[in-house]
Amino acid sequence: MSEQSCAAAWQGLPVISVAGLRADDPARRQEVGATLHEACRDMGFFYCVDHGVPADLIAAVFEQSRQFFALPETSKEALNKNRSTCNRGYEPLRDQTLEPGTPPDLKEGFYIGPEKSLSDPAVVAGRFNQGPNQWPQDMPRFRAVMMEYSAAMTALGEQLMRGIALSLGLAEDYFATFCHDPLTTLRLLHYPPQPAKAPPGQKGAGAHTDFGGLTLLLQDDSGGLQVRAPDGNWLDATPIPGSFVVNLGDMISRWTNNRYRSTLHRVINTSGRERYSVPFFHTGNPDQVVECLPGCLAPGESPLWPPVTVEDHLRTMYDRTYGR
Ligand SMILES: O=C(O)CCC(=O)C(=O)O
Ligand SMILES: [Fe+2]
């Protein structure tokens with residue numbers, strides 16, 4: 001698929017082929033960096049194509065996700081993330097409110113992260129969101145598929161962070177410490193159809209920005225994801241088969257003093273049928289301190305945010321959106 005830059009009238013998200021990031025020729029990697037620069041600056045969102053993630057792995061993730069959400073309520077409840085010390089497992093319908101002042105989100109989910117045993121030093125130290133996963137019984141392929149997919153997403157996230165470093169005129173490995181042993185969350189989501197008599201303001205996922213570094217989203221063909229353009233209008237992120245929708249999270253807007261955008265987005269499932277999506281959050285190393293990059297401050301300009309660690313920001317945002 002060809003590369004295309006962001007339309008000035010904000011008609012849609014740009015489509016970016018990232019194959020060049022895997023090229024040996026540095027000029028080709030740089031070229032993708034230049035394309036990423038425009039997309040990150042203008043929209044903070046793009047479709048990522050030519051990513052090299054096998055189609056059968058993607059199909060298997062959707063298949064396992066559908067099977068999981070079709071399980072009886074009791075089987076899902078047995079894996080409620082309240083039973084986990086690290087927010088892993090099943091998130092019931094209306095558990096999260098991403099947009100303050102609106103009804104809780106009409107979605108259910110399942111959270112998976114890097115597998116760490118209870119004796120792992122990070123877990124013993126009580127670090128946020130670190131520990132063992134909860135896995136469904138009687139779904140023999142689930143764990144292997146999700147772990148294989150998480151590994152592929154972690155690698156793609158790291159590759160994209162190298163591209164983003166280039167896009168900012170930084171050394172390609174500038175974000176290496178951020179990408180080292182990252183917190184990541186694979187989130188399976190299921191949205192029932194939006195009911196005709198939904199309360200005012202009801203959404204599948206209320207308007208929010210993502211908390212970490214990068215989000216790599218798979219969506220089925222239902223539609224419903226909307227992205228807020230710089231002019232304030234909501235754009236449909238119409239599904240493109242075989243693509244990921246990639247967006248920048250808060251860590252990148254903080255690093256760049258908002259030169260790159262962590263953009264508001266939301267989901268309203270008006271398709272009349274079930275919607276399935278799979279965001280993967282490449283949140284970054286929990287100890288990474290994120291503060292305005294020197295190259296992103298004009299003379300006399302002040303940083304918009306104080307320095308924060310990835311872990312502290314994540315903890316704050318979980319507390320806020322889960323009403324703790
Ligand atoms: O389901 C989607 O398309 C988006 C989900 C999302 O924005 C999120 O989980 O942060
Ligand atoms: Fe999101």
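Order of listing sets the numbers, starting from 1, for every ligand and every atom in it. Basis for what follows: all heavy atoms, side chains included, without hydrogens, waters or symmetry-related copies.
No donor-acceptor distance shorter than 3.5 angstrom exists from the side chain of Ser65 to the backbone of Val61, with no hydrogens or angles considered. Within the 3.5 Å criterion, the main-chain N or O of Asn80 finds a donor-acceptor partner in the side chain of Gln134.
Annotation: angle subtended at the Fe ion (ligand 2) by His208 NE2 and His265 NE2 is 90°, to 10°.
Residues Tyr111 and Ser84 bring no donor and acceptor atom of their side chains to less than 3.5 Å of each other. No side-chain donor-acceptor contact under 3.5 Å links Thr270 and Gln194. One side chain, Glu301 or Asn257, offers a donor N or O that lies under 3.5 Å from an acceptor on the other.
Shown in contact with Tyr191 at under 4.0 Å from a heavy atom are these atoms of ligand 1, numbered in order with element: 1 (O), 2 (C), 4 (C), 5 (C). When each atom of ligand 1 is checked for a heavy atom of His265 under 4.0 Å away, the hits are 7 (O). Listed by number with element, the atoms of ligand 1 under 4.0 Å from a non-hydrogen atom of Leu189 are 1 (O), 5 (C), 9 (O). Under a 4.0 Å criterion applied to the non-hydrogen atoms of Phe281, ligand 1 contributes the atoms 8 (C), 9 (O), 10 (O). Against a heavy-atom cut-off of under 4.0 Å, Val267 is close to the following atoms of ligand 1: 1 (O), 2 (C), 3 (O), 4 (C). For ligand 1 and Pro279, the ligand atoms under 4.0 Å from any heavy atom of the residue are 9 (O).
Side-chain contact between Pro192 and Leu106 is present, with at least one heavy-atom pair separated by less than 4.5 Å.
In this comparison of His190, Gln219, Arg275, His208, the heavy atom closest to atom 10 (O) of ligand 1 sits on His208.
At a heavy-atom distance under 4.0 Å, no atom of Lys107 approaches ligand 1. Contact annotation: for Leu98 versus ligand 1, there are no heavy atoms closer than 4.0 Å.
No close placement of the Tyr174 and Trp255 rings is indicated, their centers lying 6.0 Å or farther apart.
We find the SG-CZ distance between Cys86 and Phe128 to be 9.5 Å, quoted to the nearest 0.5 Å.
Applying salt bridge (Lys or Arg N to Asp or Glu O under 4.0 Å) to Glu91 and the options Lys107, Lys76, Arg83 leaves one that passes, Lys107.
When distances from the Fe ion (ligand 2) to the N, O or S atoms of Asp210 are compared, OD1 comes out shortest.
The protein non-hydrogen atom at the shortest distance from atom 9 (O) of ligand 1 is Arg187 NH1, 2.9 Å.
Residue-to-ligand polar distances place Asp210 within reach of ligand 1: an N/O pair is separated by less than 3.5 Å.
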